[in-house]
Amino acid sequence: IKHLNSKYGVKDVFLEIGFSAAYFFNKYLLSGDTTILKNNSLPYLWGHYKDFWNDLYIYNKLLPDSLKIVIYCLDFERKEIFKLLEQAIQPNIAVPVNLQKLFADIQTINKKQSLFFGDKEFKNALSTLSSIFQTYQNDFKTLYGDNYKIIYNAITNEALPSLTLNKRNKIWFENIKQIIKEKNRIFHFSNAG
């Protein structure tokens, strides 16, 4: 990543993570606050990854804003989606009445250490979240303000852990195309076979 950035100006890095994990990794790369990594049950934090993220932060903080590395997602959401919902709320905004039960449930979910993305409980909680989001999108817009787009992307992410590889790859490709469209950049994709 550092080589591509320093030699070719590549700053957009796509990882096999969900939108919510990308939010937290980007927040860490800007602040260096290790509690962001420790407190949000993120993937890719074991073994050599601890050094990887620290080194990438140190490298990134020395870059001008125009070259800072940004992490993007491709994959399904994990437990950190519920942490995102708690932490991305705009300052001084109260949780709307329509969402108070949901947020009480999210606080309970976030206390569970063993919740796994393949669990029935996780899938049910995500399904409930999606349903409530569809009903109360305006309340979510008010609650999250500038962070609404990341919330929207995380909740509506169609990549699921149980998909076959072909279907999953198609969703990854759609996620990439959407991110590129949102960033107003032109990238060329080639099919190598």
Checklist entry - Are there more than 12 heavy atoms of other residues, nucleotides or ligands under 6.0 Å from atom CG of Asn124? => result yes
Next on the checklist: The test is side chain to side chain contact (heavy atoms under 4.5 Å, CB included); show your working for Ile155 and Gln137 and say whether it passes.
Outcome noted: CA-CA 11 Å; Ile155 293 173; Gln137 279 194 40; over 6 Å; no
Checklist entry - Would Phe122 and Phe116 count as a side chain to side chain contact (heavy atoms under 4.5 Å, CB included) if you check the C-alpha gap in whole Å, the side-chain angles of each, and the deciding distance to 0.1 Å? => result CA-CA 7 Å; Phe122 175 84; Phe116 185 66; over 6 Å; no
Checklist entry - Does the pair Glu80/Lys83 count as a salt bridge with the N-to-O cut at 4.0 Å? => result no
Next on the checklist: Less than 4.5 Å apart, side chain to side chain, heavy atoms only: is that true for Phe140 and Asn98?
Outcome noted: no
Checklist entry - Do Trp46 and Phe24 share a hydrophobic cluster, counting only Ile, Leu, Val, Met, Phe, Trp and Tyr and linking them when any side-chain heavy atoms are less than 4.5 Å apart? => result yes
Checklist entry - If every non-hydrogen atom of Ala159 is compared with every non-hydrogen atom of Ile171, which pair is closest and at what distance? => result N-CG2, 3.5 Å
Next on the checklist: Please find the pair of heavy atoms, one from Ile17 and one from Ala22, that lie closest to each other, and give the distance.
Outcome noted: CD1-N, 3.6 Å
Checklist entry - Below 4.5 Å, heavy atoms only, C-beta onward: do Leu15 and Leu74 meet side chain to side chain? => result no
Checklist entry - Would you call the rings of Tyr57 and Tyr28 parallel, tilted or perpendicular if under 30° counts as parallel and over 60° as perpendicular? => result tilted
Checklist entry - In Å and rounded to the nearest 0.5 Å, what is the CG to OH distance from Asn157 to Tyr152? => result 11.0 Å
Item to check | Test side chain to side chain contact (heavy atoms under 4.5 Å, CB included) applied to Phe52 and Ile1, step by step | outcome: CA-CA 10 Å; Phe52 165 81; Ile1 293 171; 3.8 Å; yes
Item to check | side-chain hydrogen bond (donor to acceptor under 3.5 Å, both in side chains) partners of Tyr59, counting only residues at least two apart | outcome: Asn5
Checklist outcome for this item: To the nearest 0.5 Å, atom NZ of Lys2 lies from atom CG of Asn60 at 11.0 Å
Checklist entry - In the single-linkage hydrophobic clustering (I, L, V, M, F, W, Y; side-chain heavy atoms under 4.5 Å), do Tyr49 and Leu29 co-cluster? => result yes
Next on the checklist: Do Tyr144 and Leu85 make a side-chain contact, defined as non-hydrogen atoms from C-beta onward lying under 4.5 Å apart?
Outcome noted: yes
Next on the checklist: Just verifying a value: how many Å separate Leu99 CG and Asp105 CG, rounded to the nearest 0.5 Å?
Outcome noted: 11.5 Å
Next on the checklist: Could you tell me if the side chain of Glu158 sits less than 4.5 Å from the side chain of Glu174, heavy atoms only?
Outcome noted: no
Next on the checklist: Grouping I, L, V, M, F, W and Y whenever their side-chain heavy atoms are under 4.5 Å apart, do Ile93 and Val97 come out in a common cluster?
Outcome noted: no
Item to check | Test: Lys123 and Asp119 ion pair at under 4.0 Å | outcome: no
Item to check | Residue pair Phe76 / Phe117, side-chain heavy-atom distance below 4.5 Å | outcome: yes
Checklist entry - Side chains of Asn110 and Glu86: closer than 4.5 Å at any heavy-atom pair? => result yes
Checklist entry - Between atom OG of Ser131 and atom CG of Leu126, what is the distance when rounded to the nearest 0.5 Å? => result 11.5 Å
Item to check | Side-chain touch Lys11/Leu63, heavy atoms, less than 4.5 angstrom | outcome: no
Checklist entry - Hey, quick one: are Ile69 and Ile58 part of the same hydrophobic cluster, counting side-chain heavy atoms closer than 4.5 Å, chains of contacts allowed? => result yes
Next on the checklist: Given 3.5 Å as the limit, does a donor-acceptor pair link the side chain of Asp75 with the main chain of Gly18, or not?
Outcome noted: no
Checklist entry - Do the non-hydrogen side-chain atoms of Asn175 and Tyr72 ever get within less than 4.5 Å of each other? => result no
Checklist entry - Should Leu56 and Leu4 be counted in the same cluster of Ile, Leu, Val, Met, Phe, Trp and Tyr side chains packed under 4.5 Å apart? => result no
Checklist entry - Between Phe82 and Leu129, does a side chain to side chain contact (heavy atoms under 4.5 Å, CB included) hold up when you go through it step by step? => result CA-CA 9 Å; Phe82 299 109; Leu129 170 61; 4.2 Å; yes
Checklist outcome for this item: In this structure, OG1 of Thr156 is separated from CD of Glu77 (nearest 0.5 Å) by 9.0 Å
Anything under 3.5 Å between a donor and an acceptor, one on a side chain of residues 37-45, the other on a protein residue two or more places apart or in another chain? List them.
{"from": "Asn39", "atom 1": "ND2", "to": "Thr35", "atom 2": "O", "distance (Å)": "3.4"}
{"from": "Asn40", "atom 1": "OD1", "to": "Gln87", "atom 2": "NE2", "distance (Å)": "2.7"}
{"from": "Asn40", "atom 1": "ND2", "to": "Ile36", "atom 2": "O", "distance (Å)": "2.6"}

Checklist outcome for this item: d(Phe133 CZ, Thr135 OG1) to nearest 0.5 Å is 10.5 Å
Checklist entry - Shortest non-hydrogen contact from Ala154 to Ile81? => result O-CD1, 3.6 Å
